[in-house]
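See below for the structure under consideration.
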Amino acid sequence: MQPVPGARATMVLGIETSCDETAAALVERHPDGTGRIIANVVRSQWEKHRAYGGVVPEIAARAHVECLDELIATAMAEATISFGDLDAIAATAGPGLIGGLIVGLTTAKMLALVHAKPLIAVNHLEAHALTVGLTDRLSPPYLLLLISGGHTQLLAVEAVDRYRRLGSTIDDALGEAFDKTAKLLGLPMPGGPAVEAAARAGNPGRFALPRPMTGRPEPHFSFAGLKTAVRHAALAVAPLSTQDVADLCASFQAAVAESVVDRTRRAMAIYTESNPASSAHHLVVAGGVAANAALRQALTALAEAEGYAFHAPPITLCGDNAAMIAWTGAERLARGLIDTLDAPVRPRWPLDAAASPALGAGSKGAKA
Ligand code: KG4
Ligand code: ZN
């Protein structure tokens, strides 16, 4: 990224409340386009939702109200700055659960109004997409595999604010498939980390599960059938021993990795064809499921084989956090992309407005 002549460093407060994590962070962006996290606090609500086996929107919204002010105060205190020192206030405006979005965006609007600061209404998916700018100093263009609890997409990231969707899931999101698989095997929520932990002691070759969509020309995904195949395999050997559960998790994860690698390889071919001039291509994986070590390993090998450089944010910045919101706010501020105080919350907010509606957004739908 080119340095902006004469520009100074900017400091942005970020707020994230789109699902079940309440978060506040302060990020500094330097004139050369690099950034630094000054404070980053996240509070998970999982204990409040555990008994229900999933995120309850009303409980989530109330929990955000209860602790957001405190988390913002903690972040500000950690950074030892006051609101007057900020250059902008950024909050997730979508996609996500409407109650939580209203809590975060309204708080940001109030702070922006009281302290006369610019407001940036951030798309949560753009924040996942741009995290590597903060962690790896990587700026667009790059190919992005976005895998989270509510979305599974392959996108050409052409520039800040410019995205082209190449493929998406036709049913469940990948994180959702991990969560549902965990639930049916009696593992605790959130399911992704539990499935990954159980899989470590398992045999990935024991159960022959499908590799959905492999070989299809369009780089779309599907995970609903795989989840059903896990159910049938589990029923066939029930009652399940700890080893059965481990083998099912390992077999599921192996099937997921093969399917995701095949779909990403297909997207790489399309991406390379439409970006022939670019010398070095980059593959970026982001979103909560990007924390999965088996997937990271499989994607690293794929990137190496295809001549792409591979990037993944550190595990702590894969899941939902406010540092990515603050950073996206800073990136948008640097380009004059500022919002007005009547900016709406957008429970559904595709990154690629020109693309046809996503074939399937997962049953959690709007969640990112
Ligand atoms: O991005 P994120 O924190 O929230 C959304 O915006 O959805 O992603 C959460 C999802 C959950 O479905 C969770 O089970 C999954 O990411 N996840 C994982 C792992 N860690 C979190 N899935 C697989 N392996 C993991 N290690
Ligand atoms: Zn997310």
Side-chain angles (χ1 to χ4, degrees), residues 14-23 25 42-46 49-50 53-55 57 60 92-97 100-101 104 122-131 144-153 155 169 172-185 187-200 202 223 226-227 249-250 252-257 259-260 284-299 312-325 327-328 347-349 351 361-368:
I15 295 170
E16 160 60 34
T17 56
S18 67
C19 191
D20 57 336
E21 258 98 25
T22 317
V42 184
R43 188 167 300 168
S44 171
Q45 304 176 353
W46 256 108
H49 301 283
R50 196 179 293 279
V55 178
T92 304
L97 300 171
L101 293 172
V122 172
N123 182 315
H124 180 95
L125 304 177
E126 178 164 60
H128 276 304
L130 298 183
T131 300
L144 172 73
L145 170 65
L146 177 56
I147 40 180
S148 70
H151 289 84
T152 298
Q153 302 183 354
L155 293 149
T169 182
D172 289 351
L174 183 50
E176 192 178 1
F178 268 95
D179 292 339
K180 287 178 177 172
T181 298
K183 205 168 174 180
L184 83 91
L185 296 176
L187 296 171
M189 305 298 284
V195 168
E196 179 171 23
R200 271 187 218 116
F223 298 108
L226 175 57
K227 175 197 64 194
C249 286
F252 167 78
Q253 209 171 250
V256 162
S259 172
V260 168
V284 172
V285 62
V289 188
N292 187 282
L295 267 176
R296 284 167 93 107
Q297 214 171 30
L299 291 165
I315 306 287
T316 49
L317 294 179
C318 284
D320 289 348
N321 65 85
M324 67 180 191
I325 307 302
W327 172 245
T328 302
R348 288 187 180 271
W349 188 0
L351 267 186
S363 64
K364 287 191 228 170
K367 188 174 169 279

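Start at 1 and go down the list; that is how both ligands and their atoms are numbered. All figures in this text were calculated on a predicted structure; none of them were measured in a lab.
- In this structure a side-chain-to-backbone donor-acceptor pair under 3.5 Å is present from Thr17 to Gly100.
- Closest heavy-atom approach to atom 21 (C) of ligand 1 among the candidates Gly192, Gly288, Gly191, Gly319: Gly288.
- With 2.8 Å as the limit, His151 does not count as an N, O or S neighbour of the Zn ion (ligand 2).
- With a 4.0 Å heavy-atom cut-off, ligand 1 is reached by no atom of His151.
- In this structure, His124 has a heavy atom closer than 4.0 Å to ligand 1.
- Below 3.5 Å of separation, one finds no N or O of Phe178 facing any N or O of ligand 1.
- Between Asn292 and Val256, the closest side-chain pair of non-hydrogen atoms is not below 4.5 Å.
- Here the side chains of Glu176 and Thr169 are not in contact, with every heavy-atom distance at 4.5 Å or above.
- If you number the atoms of ligand 1 from 1 as listed, the ones under 4.0 Å from a heavy atom of Glu196 come out as 24 (N), 25 (C), 26 (N).
- Centroid-to-centroid, the aromatic rings of Phe252 and Phe178 come within less than 6.0 Å.
- No donor-acceptor distance shorter than 3.5 angstrom exists from the side chain of Arg348 to the backbone of Pro95, with no hydrogens or angles considered.
- Side chain of Glu196 to backbone of Ala293: a donor-acceptor contact under 3.5 angstrom is found.
- Set against the non-hydrogen atoms of Gly175, the atoms of ligand 1 under 4.0 Å away are 12 (O).
- Taking Arg50 as the reference, Glu47 meet the salt bridge (Lys or Arg N to Asp or Glu O under 4.0 Å) condition, with sequence neighbours excluded.
- Here the Zn ion (ligand 2) is the vertex; the OD1 atom in Asp320 and the NE2 atom in His128 give an angle of 100° (to 10°).
- Taking any N or O of Glu21, backbone or side chain, none lies under 3.5 Å from an N or O belonging to ligand 1.
- When each atom of ligand 1 is checked for a heavy atom of Gly149 under 4.0 Å away, the hits are 5 (C), 7 (O), 8 (O), 9 (C), 10 (C), 12 (O).
- In this structure, Thr181 and Gln253 have side chains that are not in contact, with every pair of non-hydrogen atoms separated by 4.5 Å or more.
- Among the atoms of His124, an N, O or S atom is found under 2.8 Å from the Zn ion (ligand 2).
- Residue His128 approaches ligand 1 through these ligand atoms, each under 4.0 Å from one of its heavy atoms: 1 (O).
- At a threshold of 4.5 Å between non-hydrogen side-chain atoms, the residues Cys249 and Leu185 count as touching.
- At least one heavy atom of Gly150 sits less than 4.0 Å from an atom of ligand 1.
- Of all the heavy atoms of Asn292, the ones lying under 4.0 Å from any atom of ligand 1 are found in both the backbone and the side chain.
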